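Working notes, structure below.
Because the structure is a prediction, the values reported are computed rather than measured. By convention here, the first residue in the shown sequence is residue 1. Basis for what follows: all heavy atoms, side chains included, without hydrogens, waters or symmetry-related copies.
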Amino acid sequence: MLKIHFSGEDILRTRVAPAADPVWELVLSLHVLRGRTRDPLTANWRRSVARDLRQDSASEQLRLLFALNPPRGYFPDFLTPYASVEGFEAGLDALRRTPAELLHRDLSVLAAENQLPSSAAALARGELSALHHLAESMEQYRSLAISPYWSRIQAAVAADRTRRARALLDGGVEGLLASLRPAMRWEGGVLEVRGYPHTRELHLDGRGLLLVPSFFCAATPVALLDPALPPVLVYPVDRLGALVSADNDAASDAARESLAALLGRTRAAVLQASDEGCTTGEVARQLNISPAAASQHATVLRNAGLLVSHRERNSVLHTLTPLGRAMLDA
């Protein structure tokens, strides 16, 4: 179990990342791609990416990147610099500037349990050519495995941010931290991450915590190993259905049948009300309909793949899926 200790100052400085972090998503997707877990929501993505990697003969060029990200266990902290919260290019720029001592330290930890290719030696010495090669590999992998699916990834993270924003408005930062259950438990100034592979204590020491919602994060949240780095906790979000590329982002046959039931002003208004997140009771009040009617309309929209619903204590919060967002924009 990981226990993260907060002071009053830490609570004031805790925040949620502003959007999906492209570097974290890239790194964690490598673990999903090569892991043993067969999540049906990413099955098509895994097959498609594996096929593209074979067709493009990219596997050899990405050998070092794959070696740095084993399916299980430790992966280097330097791969996910804090600067990536500002975007992919900012993250890669920070990676290229990683000090040699940090590279050597992280790769020594990784090499203790994994066999690394010979190219890792140049990286451990901090050679600029090795760092640039790694950054180019990440760009190449991103174009194949992340960019075609980015709108779906962003939508899932945005839906989670709406949920966390609601918890923050209703209960402050402590309400936000409490909303992370069941994977985590907030109690007495300590955030406990259940199922963490190692027993750890992390004291924030007034730095606060950056919470990073992630599509490709598995069931267990992820923290950096080095306690001296800016504290980050990456946690999984609801994936809002299977991951498909933008070119194939169409509703299933069952969803298409359900869409026929959407004709009418009331359901369109429910969809609009859910744009920034709305509970069933709030929908009912806004549209001047009964809670039962609001719930029924939300159910039809959810079955059609336009909404996703999360229960929070005595209420249900509805947010848009990528398909719902596209329909509303249209």
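Checking His318 against Ser309 by side-chain atom types alone, a donor-acceptor pair falls below 3.5 Å. Arg164 and Ser179 share a side-chain donor-acceptor pair at under 3.5 Å. Side-chain N/O atoms of Tyr149 and Thr42 include no donor and acceptor closer than 3.5 Å. Thr220 and Tyr235 share no donor-acceptor pair across their side chains, judged by distance under 3.5 Å alone. Under the 3.5 Å distance criterion, with hydrogens and angles disregarded, no donor-acceptor pair is assigned to the side chains of Thr266 and His297.
Side-chain atoms of Arg161 come within 3.5 Å of backbone N or O of Pro18 as a donor-acceptor pair. Using a distance-only test at 3.5 Å, with no hydrogens or angles considered, no donor-acceptor pair links the side chain of Asp160 to the main chain of Pro213. A donor-acceptor pair is defined here as one N or O able to donate and one able to accept, closer than 3.5 Å; such a pair exists between the side chain of Thr162 and the backbone of Ala158. Under a 3.5 Å cut-off, the side chain of Thr321 and the backbone N or O of Gly305 do form a donor-acceptor pair. Without hydrogens or angle criteria, Ser7 side chain to Asp10 main chain gives a donor-acceptor distance under 3.5 Å. The main-chain N or O of His203 is found under 3.5 Å from a side-chain atom of Arg207 such that the two form a donor-acceptor pair. Panel note: side chain Ser48, backbone Asn44; no donor-acceptor pair is recorded below 3.5 Å.
Side-chain atoms of Leu26 and Phe88, non-hydrogen and from C-beta on, do get closer than 4.5 Å to each other. Using a 4.5 Å cut-off on side-chain heavy atoms (C-beta onward), Ser214 and Asp21 make no contact. Side-chain contact between Leu103 and Leu131 is present, with at least one heavy-atom pair separated by less than 4.5 Å. For the pair Leu210 and Val85, the minimum side-chain heavy-atom distance is below 4.5 Å. In this structure, the side chains of Glu174 and Ile11 come closer than 4.5 Å at one or more pairs of heavy atoms. At a threshold of 4.5 Å between non-hydrogen side-chain atoms, the residues Leu79 and Asn69 count as touching. Residues Met1 and Arg185 form no side-chain contact, since every pair of their non-hydrogen atoms from C-beta on lies 4.5 Å or further apart. Looking only at side-chain heavy atoms (C-beta outward), Val173 and Leu12 stay at 4.5 Å or farther from each other.
The side-chain tip of Arg239 points at the ring of Phe215 from less than 6.0 angstrom away and within 45° of straight on.
Aromatic pair Trp45/Phe216: ring centres closer than 6.0 Å. Side-chain rings of His31 and Phe75 approach one another, their centers coming within less than 6.0 Å.
At most 12 heavy atoms of other shown residues, nucleotides or ligands fall within 6.0 angstrom of atom CD in Glu113. Within a 6.0 Å radius of NE2 in His5, more than 12 heavy atoms belonging to other residues, nucleotides or ligands are found.
The CG atom of Asp106 sits 10.0 Å away from atom CG of Leu68, with the distance rounded to the nearest 0.5 Å. We find the CG-OG distance between Leu123 and Ser129 to be 9.5 Å, quoted to the nearest 0.5 Å. We find the CG-CG distance between Leu204 and Leu191 to be 9.0 Å, quoted to the nearest 0.5 Å. In this structure, the separation between CG on Leu224 and CG on Leu233 is 9.5 Å, given to the nearest 0.5 Å.
Val237 and Val234 are not part of a single hydrophobic cluster, where members link through side-chain heavy atoms under 4.5 Å apart. Hydrophobic clustering, with ILVMFWY side chains joined whenever heavy atoms are under 4.5 angstrom apart, keeps Leu320 apart from Leu317. Under a hydrophobic clustering in which Ile, Leu, Val, Met, Phe, Trp and Tyr are joined whenever their side-chain heavy atoms come within less than 4.5 Å, directly or via other members, Leu92 and Val212 fall into the same cluster. The cluster map of Ile, Leu, Val, Met, Phe, Trp and Tyr, joined by side-chain heavy atoms under 4.5 Å apart, puts Val316 and Val300 in different clusters. In terms of hydrophobic clustering, with Ile, Leu, Val, Met, Phe, Trp and Tyr side chains grouped at heavy-atom distances under 4.5 Å, Tyr82 and Leu134 are assigned to a common cluster.
Taking 4.0 Å as the cut-off between side-chain N and carboxylate O, Glu9 and Arg13 count as a salt-bridged pair. Between Asp238 and Arg163 no salt bridge is recorded (no basic side-chain N to carboxylate O distance below 4.0 Å).
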Under 3.5 Å, which donor-acceptor pairs link side chains of residues 284-296 to any protein atom two or more places apart or in another chain?
unit_1	atom_1	unit_2	atom_2	d
Ser290	OG	Ala293	N	3.0

